[in-house]
Amino acid sequence: TGTTQYYSDDETSPRDKQQKNSKGNGDFCIKNIKQADFGRREIEIAEQEMPALMALRKRAQGEKPLAGAKVVGCTHITAQTAVLMETLSALGAQCRWAACNIYSTQNEVAAALAEGGFSVFAWKGESEDDFWWCIDRCVNVEGWQPNMILDDGGDLTHWIYKKYPNMFKKIKGIVEESVTGVHRLYQLSKAGKLCVPAMNVNDSVTKQKFDNLYCCRESILDGLKRTTDVMFGGKQVVVCGYGEVGKGCCAALKAMGSIVYVTEIDPICALQACMDGFRLVKLNEVMRQVDIVITCTGNKNVVVRENLDRMKNGCIVCNMGHSNTEIDVASLRTPELTWERVRSQVDHVIWPDGKRIVLLAEGRLLNLSCSTVPTFVLSITATTQALALIELYNAPEGRYKQDVYLLPKKMGKIYFTRTHPRAFLLIFFRFTFE
């Protein structure tokens, strides 16, 4: 696979450790349980910026609308997710959780959750084998069977279909957050293989307009700065895809003085890019001159080896889509190329003539792998996820068939009140059950 030189952190695998929390419970696998106090402070900070979720917790914990729910989850394990998990628990659910990304787990937060009694199987820097092992540990447990799935990317759903299809006899529904996972659900539905109702959170307005657009607009710069210390003014950047994520990335880079090109195959999104002042190009037209390449299409093989070979020396390559298949990283693992780990999540891939590109997070999701994301925005997405779980779990027989649905608008009547001295909007969700 070529020569690889690594910048190394602690290499001890959590799978080789026997850890227990202060109550003697060891049903978890994380990096270090001793980080729990630090993680708890992270969660408390996140709670302050997640008013919608905290309001839902306060208003619904008396009713316990998720009493009896056994939720198995596969999402990014961050402080914001911890607030969601603790909210689900307060509403009556039991939870077991794994990470949907091998780099995005906050180890201290995972420790705090494990200390709080949650069965969490995740750590930052998992291998591919670790990733599937953690998912299996969540699902395959004696005396406990899930009846709800909360997924981000579809890997958990895929694993249950592949390994434990009989579990779907007791599962009431799937809640999916990402465009990649939703696409996989629609494929199952089209093939007649979707055997439970699924809720498409990604295409709800609260997810599309807030998480995909505004969250990425703020976090793209953070991820690039932390990994490369790059200056954006005057840099030529090509953004592949002008959906909500692409729009956010382009707006941020343009505001910082970058020269931004856009590639897009959808005619409406392409027209929007044009009307927003960006130059539409084909990737090969600008590949030799751009300083940064960012993928955000949700597709696969957007940047392939031919493109990578044509890039100029020092070009930064990264992905803002959920899946790690947008950049064909596998094509770079050949004998003639040298990989050099220069810092955490930053690899130099060096060609025989000395040319090198800077690959971030091995083509995985940049912002959650290399930086953080705005907590307030995630509050809205997490509340939408919680409402979707409540709706599917409490829905009477026959309301939802074996298909993919959007969250009913009646579930998300939003009230805005100006309670912050700077007039920040505090969002409350009022929900009703039939």
Name all residues meeting the side-chain hydrogen bond (donor to acceptor under 3.5 Å, both in side chains) criterion together with E44; count only those two or more places apart in sequence or in a different chain, and write none if there are none. none
If you measure from the Lys or Arg side-chain nitrogens to the Asp or Glu carboxylate oxygens, is any gap between [X] and [Y] under 4.0 Å?
X    : Y    : answer
D347 : R356 : no
E218 : K225 : no
K124 : E108 : no
E362 : R341 : yes
R305 : E336 : yes
D291 : K312 : yes
R40  : E86  : yes

Assess whether atom [atom1] of [X] is packed by more than 12 heavy atoms of other residues, nucleotides or ligands within 6.0 Å.
X    : atom1 : result
H183 : NE2   : no
I265 : CD1   : no
K58  : NZ    : no

Chi angles and distances behind the salt bridge (charged side-chain N to carboxylate O under 4.0 Å, His left out) call for K300, D328: CA-CA 8 Å; K300 65 180 181 180; D328 186 11; over 6 Å; no
Taking the side chain from [X] and the backbone from [Y], do they hold a donor-acceptor pair closer than 3.5 Å?
X    : Y    : result
S369 : L366 : no
T297 : N299 : yes
D130 : S127 : yes
R217 : V245 : no

Should the pair Y400 and Y405 be assigned to parallel (<30°), tilted (30 to 60°) or perpendicular (>60°) ring geometry? perpendicular
Working note: S331 + L308, criterion side-chain contact (heavy atoms from CB on, under 4.5 Å); need CA distance, chi angles, decisive distance, verdict. CA-CA 9 Å; S331 70; L308 295 160; 4.2 Å; yes
Minimal non-hydrogen separation, I30 against V120, with atom names: CG2-O, 3.8 Å
Does the ring of W339 carry R333 above it, NZ/CZ under 6.0 angstrom from centre and within 45° of its axis? yes
Take E176 and N202 through the test side-chain contact (heavy atoms from CB on, under 4.5 Å) and record every step on the way to the result. CA-CA 7 Å; E176 172 58 54; N202 180 74; over 6 Å; no
Ring centre gap for Y261 and F278 strictly below 6.0 Å: no
Set of residues satisfying ring pair (Phe, Tyr, Trp, His ring centres under 6.0 Å) with respect to Y161, sequence neighbours excluded: F168
Tell me, with the steps shown, if E306 and N284 meet side-chain contact (heavy atoms from CB on, under 4.5 Å). CA-CA 9 Å; E306 179 189 351; N284 279 337; 4.1 Å; yes
Might you work through the side-chain contact (heavy atoms from CB on, under 4.5 Å) test for M167 and V139, ending with a clear yes or no? CA-CA 9 Å; M167 282 190 177; V139 176; 3.3 Å; yes
Start with the C-alpha gap between E126 and R364, add the side-chain angles, then the distance that decides, and say whether salt bridge (charged side-chain N to carboxylate O under 4.0 Å, His left out) holds. CA-CA 13 Å; E126 297 170 11; R364 296 179 186 269; over 6 Å; no
R184 and D151: salt bridge (charged side-chain N to carboxylate O under 4.0 Å, His left out), yes or no, with the steps? CA-CA 11 Å; R184 294 167 85 172; D151 211 353; over 6 Å; no
Could you list the donor-acceptor pairs under 3.5 angstrom formed by side chains in residues 371-378, with sequence neighbours left out?
residue	atom	partner	partner atom	Å
S371	OG	N367	O	3.0
T375	OG1	Q80	NE2	2.8

